[in-house]
Structure formats: C-alpha cells, structure tokens
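Because the structure is a prediction, the values reported are computed rather than measured.
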Amino acid sequence: LWMFIPNFNLNGDSEITIGYKGVYVEPGYKASIFFMDDSDNVVVSSKVVNGKIGKYQINYEYKFLFFNLKKNRLVNVIDNIEPEITGVEDTIKICPKGDISKLEYKAYDEYDGDLPDKVSLIDNGDKLVLGVSDKSGNLVEKIINVSRIDDEGPKINLSGNETMYVSLGTRYIEPGYKAQDNCDGDITSKVLVSGSVGSGVGTYQVTYTVSDSSGNKTQIVRKVVVRNNYLYNI
C-alpha cells in the first residue's frame with residue numbers, strides 16, 4: 001500500500017534569504033503518486049514582494065483523494081547593501097585649530113535614503129573615522145587622513161586702486177584695506193602699513209604687511225603717483 005501514499009517534497013531549503021535587489025526564484029517542488037509526477041496539482045500561495053524588506057511565507061498544498069499535504073517555505077528579503085559616505089576626500093587639510101565638526105559630507109543608503117544625522121565621527125588626530133549604519137544594521141566606515149596645517153597666506157584687499165594718482169598740493173588719503181585669512185578670519189587689525197607719500201612730484205610706495213597665527217606672511221604694495229596736473233594739461 002505504500003505506493004499509494006502521495007509523495008510531496010520541496011526543492012531547495014525551507015528558508016531562503018535574498019537581498020532586496022534580488023528576485024526570488026522558486027526552487028520548485030515535486031509531488032508524485034504511483035511513481036508518477038503529479039506536481040501540476042500542487043497549489044502554491046505566495047506573497048513575496050521583490051524589492052521590499054520583510055519575511056514572507058510561501059504555502060504549498062497538495063491534495064490527492066483523502067490526503068491533504070501542506071508545506072511552507074520562509075523567504076527573507078533583506079537589505080544587505082552598505083550605505084555610502086561621500087562628499088569628502090580620503091585626505092583633507094584643515095586649520096590647526098579648525099572645528100572638525102563642521103566637516104561636510106553626505107551619507108546615503110539606497111533603501112533608507114539620506115542618513116546625515118546617523119553619522120558618527122571619531123577624531124584620532126591625524127585620522128578621522130566616519131561611521132554610519134542603515135536601519136538594517138549594515139555598517140560602513142570611512143577613514144580620512146587629516147593634515148592639520150595652515151600653509152596658506154592671508155589675503156589683503158585694497159580699497160581703491162593699486163596705483164593711485166594725487167595732484168600736487170593735495171594730501172594723500174589712505175583709501176583703506178581689509179585682510180582675511182583662511183584660518184583666522186578677519187585680521188585687518190594686524191595689518192602693518194609702512195611708507196609715506198611725499199609732497200613733491202614723484203612715485204611713492206605704501207606697503208601693507210600681515211601675518212596669520214601660523215606665521216604665513218603676505219605683503220602687497222600700492223603706488224601713489226603725485227603729479228603736477230598743470231603740466232599734463234599743456
């Protein structure tokens with residue numbers, strides 16, 4: 001009588017895990033009676049949603065006469081893709097006293113979207129470690145080499161022209177200047193002005209010098225030409 005008992009088995013594992021970017025492919029099943037394949041009479045009920053994380057159960061039912069055989073398979077659709085940290089180079093240069101918390105970067109996960117508020121930052125001096133996890137626990141770390149140095153000189157911007165003309169008998173009035181440094185900010189108050197403009201016809205120089213807190217020095221010169229306008233009008 002054993003040959004009259006239906007045989008019903010699932011192909012593959014009873015639990016399958018796939019990434020959400022994958023597509024579930026049914027491994028199949030086999031039902032037989034009297035040594036004959038009867039798999040076409042298996043009823044499959046599946047609600048697997050490709051691309052959506054979750055646990056899905058697939059139900060298989062095979063009926064023959066008074067036999068009602070049931071099996072099920074569990075399909076886990078998971079996020080197995082790490083997020084990404086972008087927008088920052090692997091090696092950066094910052095000011096010696098720079099605020100590393102102002103470092104700009106982006107964290108993005110293909111399934112969860114933007115994760116900017118989830119990023120952790122560990123400052124190890126010459127290295128920064130940025131880490132972020134998505135909602136599924138996929139962790140990624142980005143190590144950034146840091147050079148804490150200021151080798152950029154400040155900039156002096158002159159008001160007026162670099163070459164100015166003054167009529168003979170007219171007093172030269174300094175138009176002004178501003179000094180800006182990439183690390184120290186506004187250092188106009190540290191500018192040293194040297195040189196003077198005489199009362200006679202000629203070309204004079206006014207020199208502007210400034211140094212930042214790292215010792216980077218910048219110097220520019222303005223020419224002041226005192227001329228007799230009467231002679232120019234002849």
Inset, instruction - Kindly write out the residues that satisfy ring pair (Phe, Tyr, Trp, His ring centres under 6.0 Å) with Tyr204, not counting sequence neighbours, or none if the list is empty. - result: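 By the ring pair (Phe, Tyr, Trp, His ring centres under 6.0 Å) rule, Tyr204 matches no residue at all.
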Legend entry - Test log, rule side-chain hydrogen bond (donor to acceptor under 3.5 Å, both in side chains), inputs Tyr20 and Asn80: CA-CA 8 Å; Tyr20 75 91; Asn80 56 357; over 6 Å; no
May I ask you to check whether [X] and [Y] show a side-chain donor-acceptor distance below 3.5 Å?
{"X": "Thr163", "Y": "Asn161", "value": "no"}
{"X": "Glu61", "Y": "Asn68", "value": "yes"}
{"X": "Asp212", "Y": "Ser214", "value": "no"}
{"X": "Arg227", "Y": "Tyr165", "value": "no"}

Is there side-chain contact between [X] and [Y], with at least one heavy-atom pair below 4.5 Å?
{"X": "Lys106", "Y": "Asp114", "result": "no"}
{"X": "Lys71", "Y": "Phe8", "result": "yes"}
{"X": "Leu10", "Y": "Pro27", "result": "no"}
{"X": "Glu84", "Y": "Val140", "result": "no"}
{"X": "Tyr177", "Y": "Ile220", "result": "no"}
{"X": "Glu141", "Y": "Val132", "result": "no"}
{"X": "Ile58", "Y": "Val75", "result": "yes"}

Is there a donor-acceptor pair under 3.5 Å between the side chain of [X] and the backbone N or O of [Y]?
{"X": "Asp150", "Y": "Glu152", "value": "yes"}
{"X": "Thr188", "Y": "Ala179", "value": "yes"}
{"X": "Asp134", "Y": "Asn138", "value": "yes"}
{"X": "Glu89", "Y": "Thr91", "value": "no"}
{"X": "Arg73", "Y": "Asp13", "value": "yes"}
{"X": "Asp112", "Y": "Lys135", "value": "yes"}
{"X": "Tyr60", "Y": "Gly28", "value": "no"}
{"X": "Thr218", "Y": "Pro154", "value": "yes"}
{"X": "Arg148", "Y": "Lys97", "value": "no"}
{"X": "Arg171", "Y": "Ser199", "value": "no"}

Looking at every heavy atom in both [X] and [Y], which two are closest together, and how far apart are they?
{"X": "Tyr172", "Y": "Met164", "value": "CE1-SD, 4.3 Å"}
{"X": "Val206", "Y": "Glu174", "value": "CG1-OE1, 4.2 Å"}
{"X": "Ser39", "Y": "Asp37", "value": "OG-OD1, 2.6 Å"}
{"X": "Tyr29", "Y": "Val42", "value": "CE1-CB, 3.6 Å"}

Legend entry - Lys/Arg-Asp/Glu bridge criterion (N-O < 4.0 Å) met for Asp90, Lys142: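 Result for this pair is yes, salt bridge flagged.
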Inset, instruction - Using the side chain to side chain contact (heavy atoms under 4.5 Å, CB included) rule, pick out the option among Leu168, Val225, Val166 that qualifies with Val201. - result: Leu168
Legend entry - Reference residue Tyr105; test side chain to side chain contact (heavy atoms under 4.5 Å, CB included); the match among Leu130, Thr86, Leu128: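 Only one option passes, and that is Leu130.
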Inset, instruction - Given salt bridge (charged side-chain N to carboxylate O under 4.0 Å, His left out), test Lys21 with Glu110 step by step and report yes or no. - result: CA-CA 10 Å; Lys21 279 196 166 184; Glu110 288 192 16; 2.4 Å; yes
Inset, instruction - Start with the C-alpha distance between Asp184 and Ser213, add both sets of side-chain angles, then the distance that settles side-chain hydrogen bond (donor to acceptor under 3.5 Å, both in side chains), and finish with yes or no. - result: CA-CA 7 Å; Asp184 298 339; Ser213 60; 2.9 Å; yes
Legend entry - Worked verdict on Lys30 versus Asn9 for side-chain hydrogen bond (donor to acceptor under 3.5 Å, both in side chains): CA-CA 5 Å; Lys30 186 172 183 180; Asn9 292 296; over 6 Å; no
